[in-house]
Amino acid sequence: MRAHEAGALHGDLGSRGPAWLRTPQDVNALERELWPSTVRRSEEGSLTVGGLDVRDLAATHGTPAYVLDEADLRERCRRFRAGFAGADVFYAGKAFLCKAMVRIIAEEGLHLDVCSGGELTTALAAGFPPERIGLHGNNKSAAELRKAVESNVGRIVVDSFEEIDRLTEIAKQYNAKPKIMIRVTVGVEAHTHEYIATAHEDQKFGFSLFGGAASVAVEQVIKGDALELTGLHSHIGSQIFDVSGFELSARRLLQLHKQIIDEHQRELPEMDLGGGFGIAYTSQDDPAEPADLGMAMFGLVKRECDALGIAMPRLSIEPGRAIVGPAMFTLYEVGTVKDVDGIRTYVSVDGGMSDNIRTALYDSSYSATIAGRASEKPPILARVVGKHCEAGDIVVKDEFLPADVRPGDLLAVPGTGAYCRSMASNYNHVPRPPVIAVAGGTARVIMRRETEDDLLALDVG
Ligand SMILES: Cc1ncc(COP(=O)(O)O)c(C=O)c1O
């Protein structure tokens, strides 16, 4: 099927594949992974989500806007819970957080990983059960730690010797014994589906396993007896597509665990293997199902525990992007179309690196489609760029769009739920877009659009 036959595609994309996106060679079943589950192509050729036409969403809420498919999001939460039954699934709030998101995570029975005072405040403001919150961060302030202890969060993942001292002091002041995990740098660095094992870990997070800092931290916490050590933690990276990195990390954590049992006669009830499960940003990505991940990870931890002769700790994981990434897309309006002869066509949209910094920051790949209509024109190679004063202000590096792409077109970029709104900036004093949650034919604004007055309100000079 040719890309310009897009208009022929109606109804359930799952059965036929969203072939309007790409050239024939690129069309394959994986493209279904790119879009939230309720996205359809209407009879008129526009996208619908949650039963609503993106043209109506754009008319009511303006562009750019992040559009969240709530049914898809909830389904992803459920798949992770089911796939990791018997473990605790901490949604990593850094991927995207607001009060409505916190409530959805609470309703779906997940735990919540926060990594700053601001994220903790948001979670508590939305009424999230504190015992299901874990606090992360390599440089938590005394105020952040105090707030975590005061509000009785379920765990604090300790990341430095200074933090052990700081938290010990605070615990004494509050006459409390906070539950903590120790973040271990296990020497496994994951880059998408590869990993490289390094003896020396050149990064800011955690206590080094090979350098011996992790053992010293454990000993200090156990001997200090002011903090309740519940387990070891590791997070090996992001956009990971195979479990071998987790396997190595689990093996190393469990070896340390065994050493703790032998040296301190202390069994730790929990172990956290972090997040980082990959999602589809383009049709080249092939993410695993949570059920398969769960089975593989339980299996490998069980094998290691059996080999070491220790009881299996309760597992937890911290997926962020795999929960919210694919549940959202960004809706833009095209403003200018510029042909650079013999090279490519530059399609400028009304947002850019201020609402999605990932392309500029990580050289990430995205895809895009014209969302408001179908086109009979053949595809051309296009680059979707933003409106910012940077040549690197690229949203989608390469995409085939119909040759008649023009100003006024709506353009949708899928897979923008994670690390887009949460990393959004006001660069060039461009206000940040709203987040519109859509479900069952209804749209609600869960984060409103920032205004120029909001920007001026901060400017008190
Ligand atoms: C400690 C920790 N846990 C979980 C995550 C979530 O990663 P992802 O969104 O790739 O699942 C991160 C991401 O940076 C992290 O640092």
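Order of listing sets the numbers, starting from 1, for every ligand and every atom in it.
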Heavy-atom closest pair, residues Ile104 and Arg74:
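That closest heavy-atom pairing would be CG1-NH2, 3.5 Å.
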
Output yes when the distance from some N or O of ligand 1 to some N or O of Arg321 is under 3.5 Å, and no in every other case.
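Yes; the residue has a nitrogen or oxygen that sits under 3.5 Å from a nitrogen or oxygen of the ligand.
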
Please report whether ligand 1 has a polar contact with Gly320, defined as an N or O pair separated by less than 3.5 Å (distance criterion only).
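In this structure, Gly320 places an N or O atom under 3.5 Å from an N or O of ligand 1.
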
Protein heavy-atom partner closest to [atom] - residue, atom, separation in Å:
atom                    : result
atom 10 (O) of ligand 1 : Ser238 OG, 2.9 Å
atom 5 (C) of ligand 1  : His235 CE1, 3.4 Å
atom 3 (N) of ligand 1  : Glu318 OE1, 2.7 Å
atom 1 (C) of ligand 1  : Arg183 NH1, 3.3 Å
atom 9 (O) of ligand 1  : Tyr419 OH, 2.6 Å

Pairs touching residues 244-272 that satisfy ring pair (Phe, Tyr, Trp, His ring centres under 6.0 Å), sequence neighbours left out
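Every ring pair (Phe, Tyr, Trp, His ring centres under 6.0 Å) pair that includes a residue of residues 244-272, provided the two are not neighbours, is Phe246-Phe277.
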
Find all atoms of ligand 1 within a distance of less than 4.0 Å from any non-hydrogen atom belonging to Pro319, and give their numbers and elements.
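Heavy-atom distances to Pro319 below 4.0 Å select 11 (O).
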
For ligand 1, which atoms have a heavy atom of Ala92 less than 4.0 angstrom away?
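The list of qualifying atoms is 4 (C), 5 (C), 6 (C).
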
Could you go step by step and tell me if Asp454 and Thr451 meet the side chain to side chain donor-acceptor pair (under 3.5 Å) rule?
CA-CA 5 Å; Asp454 289 327; Thr451 63; 3.3 Å; yes

Answer yes or no: is there an ion pair linking Arg444 with Glu70, defined by an N-O contact shorter than 4.0 Å?
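Yes.
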
Electrostatic pair Glu219-Lys223, nearest N-O below 4.0 angstrom
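Salt bridge between Glu219 and Lys223, a charged N being under 4.0 Å from a carboxylate O: yes.
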
For ligand 1, is any non-hydrogen atom under 4.0 Å from Ala95's backbone (N, CA, C, O), its side chain (CB onward), both, or neither?
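No part of Ala95 comes within reach of ligand 1.
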
Ligand 1-proximal atoms of Asp113, by part, heavy-atom distance under 4.0 Å:
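Side chain only.
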
Within 45 degrees of the axis of the six-membered ring of Tyr66 and under 6.0 Å from its centre: does Arg432 put its NZ or CZ there?
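No cation-pi geometry.
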
Hey, looking at atom 2 (C) of ligand 1, which of Lys94, His233, Gln239 has the closest heavy atom?
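Residue with the shortest heavy-atom distance to the ligand atom: Lys94.
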
Which atom pairs, donor and acceptor, lie under 3.5 Å between side-chain atoms of residues 78-92 and protein residues at least two apart or in another chain?
{"from": "Arg78", "atom 1": "NE", "to": "Glu108", "atom 2": "OE1", "distance (Å)": "2.8"}
{"from": "Arg78", "atom 1": "NH2", "to": "Glu108", "atom 2": "OE2", "distance (Å)": "2.9"}
{"from": "Arg79", "atom 1": "NE", "to": "Glu289", "atom 2": "OE1", "distance (Å)": "3.3"}
{"from": "Arg81", "atom 1": "NH1", "to": "Glu108", "atom 2": "O", "distance (Å)": "3.2"}
{"from": "Asp88", "atom 1": "OD1", "to": "Arg314", "atom 2": "NE", "distance (Å)": "3.4"}
{"from": "Asp88", "atom 1": "OD1", "to": "Arg314", "atom 2": "NH2", "distance (Å)": "2.9"}
{"from": "Asp88", "atom 1": "OD2", "to": "Arg314", "atom 2": "NE", "distance (Å)": "3.0"}
{"from": "Tyr91", "atom 1": "OH", "to": "Phe96", "atom 2": "N", "distance (Å)": "3.1"}
{"from": "Tyr91", "atom 1": "OH", "to": "Phe96", "atom 2": "O", "distance (Å)": "2.6"}

Side chains of Glu270 and His233 only: does a donor on one sit below 3.5 Å from an acceptor on the other?
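On atom types as modelled, these side chains do not qualify, holding no pair under 3.5 Å.
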
